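Quick notes on the structure that follows.
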Amino acid sequence: MLLAMGLVVLCAGHAHAARPMNTDDANIVDDKACQLESWVKTTHASLERWAIPGCNFGGEVEWSVGGNAQTEDAMGKTQFWVGQVKKRWVPVGEQTVGISTTLGAMVTRPALGDKPEDKDYYLNVPVTVPLGQDRVIHLNAGWVHHQALGVSHPTWGVGGELPLTARIIAIAETYGEAAMGTRYQVGLRMWVVPQRVQIDTTYGNQVGQPEHLRWFTVGVRLLSPAFLP
């Protein structure tokens, strides 16, 4: 699932990309296999703990359901639940541009009892362009509807991956939602066990915002071999 990635929290943009990027890529988890993406995101005033498992039961479709437990100084504890389905139309190849479509929803359960649950519905189209030598560019275009606010906005993302060694990859991206500001993120991810266990760390912020709003993340991604019937 490459999930990713979105989102103002799944972090802005609602693409729910695979960690550690919010800008999603066009690939999905292998056929009949599953993955678990889990990470911690910390800011000056909040701590988020995410876990999103996903599986490919066949048909070039990946299903993901997961959630977050978040603690914020001003708000207390909040929960987010997300579910999405991602259809891959064209796999990424050495000279082939990959294309997928993602549909999903996120439910927010506020810490304050006087506020109702909120729901966001999103659509995202990830496109991955190979540049050779395992370098790629990810382009996202999408849409999100905020039910409580009664508004819909376009979303977007541009990200890149640059292998530094056989196991270490540098990433950078910028992404956002119309009327909600532009965010950026840079980081590294490393294969501990190639194609099975990956860890990552990132730094990010919103353009034009003070440094105390910056965030840091540390995550792990586990990929299984094919085992589903």
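Keep in mind that what you see is a predicted model, and the values were worked out from it rather than measured. These values consider heavy atoms only, across backbone and side chains, with no hydrogens, waters or symmetry-generated copies.
Salt bridge E62/K86: absent, no basic N to carboxylate O contact under 4.0 Å.
Hydrophobic clustering of Ile, Leu, Val, Met, Phe, Trp and Tyr side chains at less than 4.5 Å, counting indirect connections, unites M21 with I169. Tracing side-chain contacts under 4.5 Å through hydrophobic residues (I, L, V, M, F, W, Y), one never reaches V107 starting from L149; they form parts of separate clusters.
Under the 4.5 Å side-chain criterion, counting only non-hydrogen atoms from C-beta, N22 is in contact with E173. The closest side-chain heavy-atom distance from W89 to V125 is not below 4.5 Å. In this structure, the side chains of S152 and Y121 stay at 4.5 Å or more apart for every pair of heavy atoms. By the 4.5 Å heavy-atom criterion applied to side chains, R221 and R189 are not counted as neighbours. Residues D30 and N56 fail the side-chain proximity criterion, which asks for heavy atoms closer than 4.5 Å. Between H138 and P126, every side-chain heavy-atom pair lies at or beyond the 4.5 Å cut-off. V40 places none of its side-chain heavy atoms less than 4.5 Å from the side chain of F216. The shortest side-chain heavy-atom distance between I28 and V61 does not fall under the 4.5 Å cut-off.
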Between D24 and N140, does the side-chain hydrogen bond (donor to acceptor under 3.5 Å, both in side chains) criterion hold? Intermediate values first, please.
CA-CA 7 Å; D24 206 356; N140 285 191; over 6 Å; no
Chi angles and distances behind the side-chain hydrogen bond (donor to acceptor under 3.5 Å, both in side chains) call for Y122, Q84:
CA-CA 9 Å; Y122 59 91; Q84 72 171 33; 2.7 Å; yes
Should E37 and W39 be marked as a side-chain hydrogen bond (donor to acceptor under 3.5 Å, both in side chains) after you check the CA-CA gap, both sets of side-chain angles, and the distance that decides it?
CA-CA 7 Å; E37 295 175 308; W39 68 97; over 6 Å; no
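Contact between T155 and W143 at its shortest, heavy atoms only, is OG1-N, 3.4 Å.
Without hydrogens or angle criteria, T102 side chain to L123 main chain gives no donor-acceptor distance under 3.5 Å.
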